[in-house]
Asker: 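Sharing a structure, written as structure tokens. Questions coming.
Each chain gets a letter, A, B and so on, in the order the sequences are listed, and its residues count up from 1.
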Number of protein chains: 2
Amino acid sequence: MATMADIARRAGVALSTVSHTLSGKRPVSPEVRQRVMQAIADLEYQPHALARALATKRTRTIALLYPSEPHFEFVSSVLEVTNQRKYGLLLWTALDEDQEILRMTQQGFIDGVVLMEVRLEDSRVAMLKERKYPFTMIGHCLENNDINFVDLDFDYALHKCVAYLAELGHKHIAFINHSSRLIDIGAGYVVRSEEAFHHAITQWELEGMSCPCEADAQAGYDATSLLLEQDPALTAIITSNAWVSGGITRAIYDRGLKIPEDVSLVGVLSPRIAEMHTPPITAIDFPYNQMGHMATDMLIRQLEGEEVSTQLLLQPPLTIRQSSGPCLR
Amino acid sequence: MATMADIARRAGVALSTVSHTLSGKRPVSPEVRQRVMQAIADLEYQPHALARALATKRTRTIALLYPSEPHFEFVSSVLEVTNQRKYGLLLWTALDEDQEILRMTQQGFIDGVVLMEVRLEDSRVAMLKERKYPFTMIGHCLENNDINFVDLDFDYALHKCVAYLAELGHKHIAFINHSSRLIDIGAGYVVRSEEAFHHAITQWELEGMSCPCEADAQAGYDATSLLLEQDPALTAIITSNAWVSGGITRAIYDRGLKIPEDVSLVGVLSPRIAEMHTPPITAIDFPYNQMGHMATDMLIRQLEGEEVSTQLLLQPPLTIRQSSGPCLR
DNA sequence: GTGAAAGCGCTAACAG
DNA sequence: CTGTTAGCGCTTTCAC
């Protein structure tokens, strides 16, 4: 593998000249530039990004803190932006959390990080802030001073779902949330959804019940069975958990009930997931792509020295599909 | 941020001594070790992995070449292994292909790469081989000399699906494949599935038709509608395309047909996806996790100097669920 | 315009 | 057992 020294030698110039013709950070005469470019072509020279990173303290790589429960749809959207901006994307899972975060930021491999599965009170956030390490969030905390983030407005989303169902005449509504582990750690979207649901129920003077649920079909089946048993008058279910919809549907069918005639199902899901389902699920359009794009874009702009200050709560529309209808009971 | 020099100074030892107490690559007296460790603790020193990488030419980071059509389930499994082995994982999309591959390998940021969406004749593979760059594949080419890979045996899988349906009495079977783009570039799994399907159809003396399909529900709906129109005697559909199952189901229902009474649906899908669907889909259990784990594990073992030589074609079982049954027509 | 040389933070001979 | 020193491949002063 050719190095810059090789190029310099072959072109008969100083090493620093090669560097500068490449970076354009100082004028280079046409003839010299020509010779250098020729040498580069001859030797198929590729700059060694790692060495450059050590010298400049910029790697042009960011990390996406990959959560325990993958909202995989974010990954593609983040990657699209890093790609387009010529950044690298490192996936990172922080197992022992704070310690890992510290390591990650000091190893020198990345310039900044996009945080996911943000908790209401998040020690990782505190740590990054304290060290002034560049980051943005998909999600948000209770306290978000000076932090750039983008999030779905779960308060809006759950209120919207409940209002929609209430207007259809539903009186008994259940909410199937994410895993209890996520509730325990205080994951923002999970806690906010829970609270917003109950708040909306109260506001509309309805009967509401909620339960946590692991991210697999069987758990969804069990949860739904239990809910239907506890409240036979249940006519509507809301969920934001993409992996459980199949189980919900089956549990409903297994009791001889129909969707949407007997039970309406409403989700907070990406259109892609909502339409994968049979019947297609009426859902708040979870804007994975937009969120991933924005968080990444904000981070990179931050890294490039731009003054960004964005805190965005998205309120995407509810798309009516075939899983919901008026309450007939 | 403290550097090794800071530690050396504070502990009153040479820089190399610090390095060696950390690496254990040469004996260090207890007292000195003690002093060094103390200094490290005092200054909250973290080794700068980037600098180390430049010196050792090993980054302990691998890349996953992220394909155009994300089989996202691989990502988690790859990440699990890199994580556990203390490696970093870089996601990489090669847009202008060979050129990008070259850049990726020479930038110094990664030690090796896991290739996905492998083509039967793959110039990326040729390039990596020629440069003796460490890599493994999820998938395989026509010619795989000296390359470690793991793949699902799609020949087996399609034969198995057809045989299963044939034995249930189905005579008219369709196969909904991946996008025509993937066929055009010669993606191994797509081409092999196609050929195996037709081969099995011939072998069982059945009527078979196949068509490509984009990875979304609408495309699945359209493809299925067309198939049912072209051959009203169609009683079974096979697909390996996870995103289209919803569309297939809807197209069937919209013609007043039932699953599995009128039309059987069989997939090559992960259990998680198969059970997300209503009804749950009878499917060859696509072993995403195992494949991701193995490919990553092989690569890392290769990087650590182990002599690995593994070419594995998996033949996972067909799990019968509720989307398939005997041919009643 | 161009060259020489001092780092970036670490590893790994090479000496003792 | 420990210290000195020369890199790793690049950027960036500082001279000329």
Asker: If you compare every side-chain N and O of B:S29 against the phosphate oxygens of D:dT2 (OP1, OP2), does one of them come in below 4.0 Å?
Answerer: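 True: B:S29 side-chain N/O within range (under 4.0 Å) of D:dT2 OP1/OP2.
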Asker: Between B:A55 and B:P27, name the one whose nearest nucleotide on DNA chain D is closer to the 5' end.
Answerer: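 Per heavy-atom nearest nucleotide, the more 5' residue is B:P27.
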Asker: Between C:dG9 atom C1' and B:L43 atom CG, what is the distance in whole Å?
Answerer: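 About 15 Å, once rounded to whole Å.
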Asker: Using modelled atom types and a 3.5 Å cut-off, is there a donor and acceptor pairing between side-chain atoms of B:T296 and backbone atoms of B:G292?
Answerer: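 Answer holds: yes.
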Asker: For A:S16, answer base if it contacts any base atom (sugar-phosphate contacts may also be present), sugar-phosphate if it contacts only those atoms, and nothing otherwise; contact means non-hydrogen atoms under 4.0 Å.
Answerer: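 Base contact - A:S16 has a heavy atom under 4.0 Å of at least one base atom.
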Asker: With a cut-off of less than 4.0 Å, is there a side-chain N or O of B:S19 near OP1 or OP2 of C:dC10?
Answerer: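 Looking at the OP1 and OP2 atoms of C:dC10, neither is under 4.0 Å from any side-chain N or O of B:S19.
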Asker: Just compare C:dG9, C:dA12, D:dC10 and give me whichever is closest to any side-chain atom of B:T56.
Answerer: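 Looking only at side-chain atoms, B:T56 lies closest to C:dA12.
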Asker: For B:T3 and A:R33, take the nucleotide of DNA chain C holding the closest heavy atom to each; which residue's nucleotide lies nearer the 5' end?
Answerer: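 It is A:R33, whose closest nucleotide lies nearer the 5' terminus.
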Asker: Rounded to whole Å, how long is the line connecting atom CZ of A:R26 with atom C1' of D:dT12?
Answerer: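 Checked: the CZ to C1' distance equals 9 Å.
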Asker: Starting from C1' on D:dC10, measure out to NE2 on B:H48 and report it in whole angstrom.
Answerer: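 That distance rounds to 14 Å.
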Asker: Rounded to the Å, how far apart are A:L54 CG and D:dT12 P?
Answerer: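 Atom-to-atom, A:L54 to D:dT12, this comes out as 12 Å.
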Asker: Roughly how many Å is it from NE2 in A:H20 to P in C:dA4, rounded to a whole number?
Answerer: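 Between P of C:dA4 and NE2 of A:H20: 14 Å.
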Asker: For A:L15, report the nucleic acid contact type (base, sugar-phosphate, nothing); a contact means any heavy atom under 4.0 Å.
Answerer: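 The residue A:L15 makes base contact.
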Asker: Nearest-Å distance, NZ (B:K25) to P (C:dC14)?
Answerer: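 From B:K25 NZ to C:dC14 P: 15 Å.
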Asker: Without hydrogens or angle criteria, can the side chains of A:S123 and A:D98 be said to hold a donor-acceptor pair below 3.5 Å?
Answerer: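 Yes.
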Asker: In whole angstrom, what separates B:M4's CE from C:dC10's P?
Answerer: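 So the CE-P distance, B:M4 to C:dC10, works out to 6 Å.
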Asker: Distance check: side-chain N/O of B:R52 vs OP1/OP2 of C:dT11, anything under 4.0 Å?
Answerer: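 So the side-chain polar atoms of B:R52 do come within 4.0 Å of the phosphate oxygens OP1 or OP2 of C:dT11, strictly under.
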Asker: Does the side chain of A:Q302 pick up a donor-acceptor pair with the side chain of A:N148 at under 3.5 Å?
Answerer: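 Per modelled atom types, A:Q302 and A:N148 side chains form a pair under 3.5 Å.
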Asker: Check whether the side chains of B:E80 and B:H293 place a donor and an acceptor atom closer than 3.5 Å, and report yes or no.
Answerer: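 Side-chain D/A pair, B:E80 to B:H293: present.
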Asker: Taking the nucleotide of DNA chain D with the closest heavy atom to each, which residue, B:K57 or B:A14, is nearer the 5' end?
Answerer: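 Between the two, 5'-proximity favours B:A14.
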Asker: Specify the separation, in whole Å, of atom CD of B:Q34 and atom C1' of D:dC1.
Answerer: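 After rounding, the reported distance stands at 17 Å.
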Asker: Could you check whether B:S76 and A:Y66, counting side-chain N and O atoms only, form a donor-acceptor pair closer than 3.5 Å?
Answerer: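 Yes, a side-chain donor-acceptor pair sits under 3.5 Å.
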